[in-house]
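See below for the structure under consideration.
No experiment lies behind these values; they were computed from the predicted model shown. Throughout, numbering of the chain's residues begins at 1 and tracks the sequence.
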Amino acid sequence: MQQARIVLCDLDGCLMSEGRLFEETAAFADGCGDRLRIVSNRSDSTAEALASQLSGLGLSVPPAHILMAGEFTLQHLARQGVRRLTLCAAPLLMGRARALGLDPEARDPQAVLLCRDPAQTVDTLGPLLAPVARGVPLWVSNEDVSHPDHAGRPVAETGALLAALRAIRPGLAWHCLGKPHAAMLLHAMAEAGLEPAQSVFVGDNAATDGRAAEAAGMSFIHIQRRAGK
């Protein structure tokens, strides 16, 4: 990691959980300095909001050095010309969609995007599949089922909502740019003008973070926390 010119790092389970930094996070960030880039599957916030939250916790990471799967997917859809969207997301992502020129509550959507939304229930999930049944493509911000809290217990993620949709409609197909896909890692390296050999990715989930690093052709450091650590 000391030799890398850019250090990409997951957020939840690595740097923080439940809105609190892990005790070693500040020292790790200081060691990385300006090389640190946060690459997270989180889909309930924005880079601006996370940078402000981290600043309040004493950690300075500029929004330009933060990539999060929900916002990243919204930006991708906007670049692809999508304007009408059925968006399952927390209020911050709904606002970000509107700022990008998207209608997140369109009656005739061009795409459906599933993000982490604690407001979803068994009564609200089923109707999300109605436009998909008509051929509208389903996008999922990430496929993570959970991430660990400070005690090592699972915190439900977007993948848990996806699992519910798959239970309702077996054989469901979707598109995803979040890890384990390499899109965010490749974007971060391109923005920095660096190659995989000059980069390293730090993550706590070998099935998503590790596979993303492998797909991007870069080294991976696996953080494995014990319960309560």
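Summarising the geometry, atom CG belonging to N41 is positioned 7.0 Å from atom SG belonging to C176; distances are rounded to the nearest 0.5 Å. Between atom CD1 of residue I223 and atom SG of residue C9 there is a gap of 7.0 Å, rounded to the nearest 0.5 Å. Rounded to the nearest 0.5 angstrom, M94 CE and L74 CG are separated by 10.0 Å. A distance of 5.0 Å separates CG in L87 from CG in L85, rounded to the nearest 0.5 Å. Note that CG of D12 is 8.0 Å distant from CG of D44, once rounded to the nearest 0.5 Å. Going from atom CG of L93 over to atom CE of M68 covers 8.0 Å, rounded to the nearest 0.5 Å.
The shortest side-chain heavy-atom distance between E143 and H181 falls under the 4.5 Å cut-off. A heavy-atom distance below 4.5 Å is not found between the side chains of D10 and N205. Contact check for W174 versus L165: no side-chain heavy atoms found under the 4.5 Å cut-off. You'll find the side chain of S141 stays beyond 4.5 Å of the side chain of R116, heavy atoms only. Between M218 and M189 there is a side-chain heavy-atom pair separated by less than 4.5 Å. Contact of the M16 side chain with the L54 side chain is registered, since non-hydrogen atoms from C-beta on lie closer than 4.5 Å. You'll find the side chain of L8 reaches within 4.5 Å of the side chain of I6, heavy atoms only. Annotation: side chain of H76 is not in contact with side chain of V82 (no heavy-atom distance under 4.5 Å).
Atom CZ of R79 has more than 12 neighbouring heavy atoms from other residues, nucleotides or ligands inside a 6.0 Å radius. Enclosure of atom CD in E214 is not indicated, since only 12 or fewer non-hydrogen atoms of other residues, nucleotides or ligands lie within 6.0 angstrom. The number of heavy-atom neighbours closer than 6.0 Å to CD of Q198, taken from other residues, nucleotides and ligands shown, is above 12. E24 CD: more than 12 foreign heavy atoms inside a 6.0 Å radius.
When the side chains of ILVMFWY residues are joined at heavy-atom separations under 4.5 Å, either directly or via intervening members, V200 and L11 end up in a single hydrophobic cluster. Transitive grouping of hydrophobic side chains (ILVMFWY, heavy atoms separated by less than 4.5 Å) brings L177 and L186 into a common cluster. Under a hydrophobic-cluster definition in which Ile, Leu, Val, Met, Phe, Trp and Tyr are linked whenever side-chain heavy atoms come within less than 4.5 Å, directly or via other members, W139 and L172 are assigned to different clusters. V136 and L102 fall into different hydrophobic clusters, where Ile, Leu, Val, Met, Phe, Trp and Tyr are joined by side-chain heavy atoms under 4.5 Å apart, directly or via other members. Follow the hydrophobic side-chain contacts under 4.5 Å out from V202 and you never reach F220; the two are in separate clusters.
In terms of modelled atom types and a separation under 3.5 Å, the side chain of H175 and the main chain of V140 share no donor-acceptor contact. The backbone N or O of L162 sits nowhere less than 3.5 Å from a side-chain atom of R166 that would complete a donor-acceptor pair. Distance alone, capped at 3.5 Å, places no donor-acceptor pair between the E71 side chain and the R96 backbone. Within the 3.5 Å criterion, the main-chain N or O of V39 finds no donor-acceptor partner in the side chain of R42. Judged by distance alone, the side chain of S52 and the main-chain N or O of E48 form no donor-acceptor pair under 3.5 Å. Counting only distance, with no hydrogens or angles, the side chain of R84 and the backbone of P104 share no donor-acceptor pair below 3.5 Å.
Salt bridge R98/E105: present, at least one basic N to carboxylate O contact under 4.0 Å.
With sequence neighbours excluded, the residues satisfying side chain to side chain contact (heavy atoms under 4.5 Å, CB included) with A212 are K179, L185.
When all heavy atoms are compared, the tightest approach of A51 to P62 is CB-C, 4.4 Å. Closest heavy-atom contact between S45 and L50: OG-N, 3.9 Å.
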Practice prompt. Could you walk me through whether D34 and H65 pass the side chain to side chain contact (heavy atoms under 4.5 Å, CB included) test, one step at a time?
Written response: CA-CA 9 Å; D34 192 53; H65 289 185; 3.2 Å; yes
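Between H187 and F72, the ring planes are perpendicular. Angles over 60° get that label, and only those under 30° would be called parallel.
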